Amino acid sequence: MDPLFGHGIDLTIVLIVIGKTLATFVVLLLGVLLLIWYERKLISDMQNRIGPNRAGPYGILQTLADGIKLFFKEDLLPEQADRRVFRLAPYLSAVPAFAAFAVIPLGGSVSIAGHRTFLQLADPPVGVLFLLAMSSIAVYGTMLAGWSSGSKYPLLGGVRASAQAISYEGAMSLAIAAAVLIAGTLSTHGIVADQAGKGYLRGLLPKWNLFTVGVVPVVIYVIAATAEINRPPFDLVEADSELVGGFHTEYSSVRFALFYLAEFMNTITVSAVAITLFFGGPNGPEILGLGGWSGFLWFLIKEILFLSVYVWIRATLPRFRYDQLMDLGWKRLIPVALYWLLLIAALRVGQDQGWNAALVIGIGIGAGALAWGLLGLAARTGAEQAAEDALGLGEVRA
Amino acid sequence: MDWAVFVVAGIATLVGALGVVTCRNPVHSALMLVMTLFGIAVLFVEQDAHFLAAVQVIVYAGAVVVLFLFVIMLLGVETNEDLHKDPLRGQRPAAIALGLLMLLEVLLLVRSNWVTGAPSTAGAARSADQTNVEVLSRSLFTRYLLPFEATSVLLLIAVVGAVVLARRPTRAELADINEDDPDLVTAE
């Protein structure tokens with residue numbers, strides 16, 4: 001629990017909470033503003049271009065200029081559109097993106113107006129589940145935008161959005177469950193607190209969940225979360241070379257800006273969640289003279305590194321094909337994530353019961369190899385049968 | 001404070017529930033259902049059942065209704081069904097009668113001492129040193145372990161059943177069907 005609410009609630013505390021809400025919102029919006037500029041600049045560098053360089057120093061105000069331009073564009077409403085849902089969809093996209101960011105610990109605890117408080121808007125006891133809930137309802141925005149446009153390409157984008165979100169949610173949840181299993185709590189603050197302290201190899205490596213869970217869930221989380229927020233290489237939902245603009249083809253002006261905003265807010269939130277769960281959140285050596293605020297600086301540094309990786313991925317990888325997307329999600333990520341979760345659980349139980357760790361790992365690897373072999377056999381048989389059916393179907397019909 | 005939250009969430013739940021049955025467009029109905037589910041989730045939070053609230057949103061709003069919408073989108077909603085013709089004769093009066101009976105039952109229960117106002121009848125939803133998730137998981141994995149495992153087996157059976165039903169028939173099976181009833185294959 002946040003120490004802020006420990007001694008009853010008075011006006012100062014209400015004001016602090018309102019201030020924190022506004023500050024979080026402003027941080028996120030500023031982050032989006034800078035991220036869009038940063039992404040365009042970095043991609044330009046990777047592609048040997050200059051990128052935005054007109055508005056402000058190094059083109060840093062380019063996003064602001066684009067935003068203002070979008071506000072003065074005509075707001076179109078297609079004739080075939082389902083008006084109410086069409087108007088509602090952009091907000092359904094933007095609100096979960098912001099709400100999810102509320103449970104991210106941005107720093108350690110600081111003093112504001114004589115009250116100790118966490119640098120975190122909210123710390124619900126089910127923080128991680130709240131994140132999952134927000135990510136699972138974020139799909140409504142994309143899906144309904146596609147459906148309500150009353151046109152074919154957006155509809156295809158919307159259908160893809162729902163299938164993709166449901167497929168990758170499983171793998172993402174299982175990867176997150178690994179971190180929850182280690183920390184033994186669902187509160188985001190608790191998970192960060194659990195990662196503090198002396199690390200591995202005599203303190204050479206920090207005690208981050210990245211090492212505690214054994215890297216694999218982290219990789220799975222990053223892949224699944226990228227698919228979940230429809231960023232390249234998983235942007236099949238808007239796939240401009242196949243679907244014109246996908247779900248937001250018919251959108252213009254402020255509503256389009258909201259989708260754009262939501263997409264980048266999601267990118268920031270997903271990186272922040274990865275940092276919180278696996279990279280120690282705002283933990284780090286205290287920087288001199290900053291006290292409780294040095295955590296925020298560490299968080300920013302980690303966030304920028306993470307976002308750079310996302311931009312790098314976007315600049316490097318081509319878009320997945322739809323069948324590749326489904327194969328990766330269902331046949332690779334979910335089995336591996338499930339197996340790894342069971343392995344971690346077995347090790348935890350072994351620790352409590354005093355089993356031989358080497359034996360547990362040995363049996364675990366053996367069982368994993370067996371399961372992988374069986375799964376491969378099943379997949380091959382299925383594929384063979386499907387191919388045979390495809391060949392033989394005409395014959396039988398005739 | 002609790003009262004205000006209850007009233008707002010209750011109104012959202014009821015308006016959503018009425019919307020589900022009165023909206024003419026199936027997509028609007030599904031969205032109203034989401035509103036109802038959210039209202040109920042807020043009521044769960046108010047009763048200290050944080051875990052239940054989160055799971056309600058993740059499973060029902062995040063997966064079940066998304067699948068509803070997926071199916072509606074794939075099948076299309078252009079077909080205007082005639083709402084004045086009952087597919088089952090006498091369905092409407094029966095539904096109204098059963099609904100009234102249900103309402104009467106709820107009202108009777110409210111008057112009896114079944115409703116105590118306590119958040120939970122199976123012990124406190126949380127204690128000083130244990131969060132709701134801890135209390136819930138402890139009772140789920142000790143006292144209610146057998147029902148819990150039975151439920152998971154039931155779900156497994158449902159998954160296997162769904163796969164069997166959705167599976168394409170193999171070539172050999174198709175040939176069998178072909179012999180028995182040639183129309184069936186050509187219809188496919």
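The shown structure was predicted, so the numbers you read here are calculated from the model rather than taken from an experiment. A, B, ... follow the sequence lines: proteins, then strands. Residue 1 opens every chain. Worth knowing before you read on, the calculation uses all heavy atoms, side chains too, and leaves out hydrogens, waters and symmetry mates.
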Next item on the list: Among B:Val45, B:Val65, B:Leu67, single out the residue with the greatest number of heavy-atom pairs under 4.5 Å to chain A.
Entry: B:Val65
Considering only heavy atoms, which portion of [X] lies under 4.5 Å from any heavy atom of chain B: side chain, backbone, both, or neither?
X        : result
A:Val159 : both
A:Ala165 : neither
A:Leu186 : side chain

Taking atom [atom1] of [X] as the centre, does the number of heavy atoms from other residues, nucleotides or ligands within less than 6.0 Å exceed 12?
X        : atom1 : value
B:Phe44  : CZ    : yes
A:Phe98  : CZ    : yes
A:Tyr322 : OH    : yes

Next item on the list: Applying side-chain contact (heavy atoms from CB on, under 4.5 Å), run through A:Phe130 and B:Val57 and close with a yes or a no.
Entry: CA-CA 9 Å; A:Phe130 180 78; B:Val57 173; over 6 Å; no
Notebook entry, point to check: For B:Ala54 and A:Ala133, which heavy atoms make the closest approach, and how far apart are they?
Noted result: O-CB, 4.4 Å
Next item on the list: Please name the pair of heavy atoms, one in B:Ile58 and one in A:Ser136, separated by the smallest distance, quoted to 0.1 Å.
Entry: CA-OG, 3.8 Å
Just wondering, do [Y] and [X] contact through their side chains at under 4.5 Å, heavy atoms?
X        : Y       : value
A:Leu144 : B:Val27 : yes
B:His28  : A:Asp82 : yes
A:Ile166 : B:Phe70 : no

Next item on the list: With sequence neighbours excluded, tell me which residues meet ring pair (Phe, Tyr, Trp, His ring centres under 6.0 Å) with B:Phe148.
Entry: B:Phe141
Checklist line | Donor-acceptor pair, side chain of A:Tyr140 and main chain of B:Ala61, under 3.5 angstrom | finding: yes
Checklist line | Option that, when pairs with chain B are counted at under 4.5 Å, heavy atom only, ranks first among A:Thr185, A:Leu155, A:Ile137, A:Leu88 | finding: A:Ile137
Next item on the list: Report the C-alpha distance between B:Leu69 and A:Trp147 in whole Å, list the side-chain angles of each, state the deciding distance to 0.1 Å, and finish with yes or no for side-chain contact (heavy atoms from CB on, under 4.5 Å).
Entry: CA-CA 9 Å; B:Leu69 284 173; A:Trp147 174 79; over 6 Å; no
Notebook entry, point to check: Do any of residues 7-19 of chain B have a heavy atom less than 4.5 Å from a heavy atom of chain A, and if so, which, in residue order?
Noted result: none
Notebook entry, point to check: Side chain, backbone, both or neither: which part of B:Val59 has a heavy atom under 4.5 Å from chain A?
Noted result: neither
Checklist line | B:Ala63, part contacting chain A, at a heavy-atom distance under 4.5 Å | finding: backbone
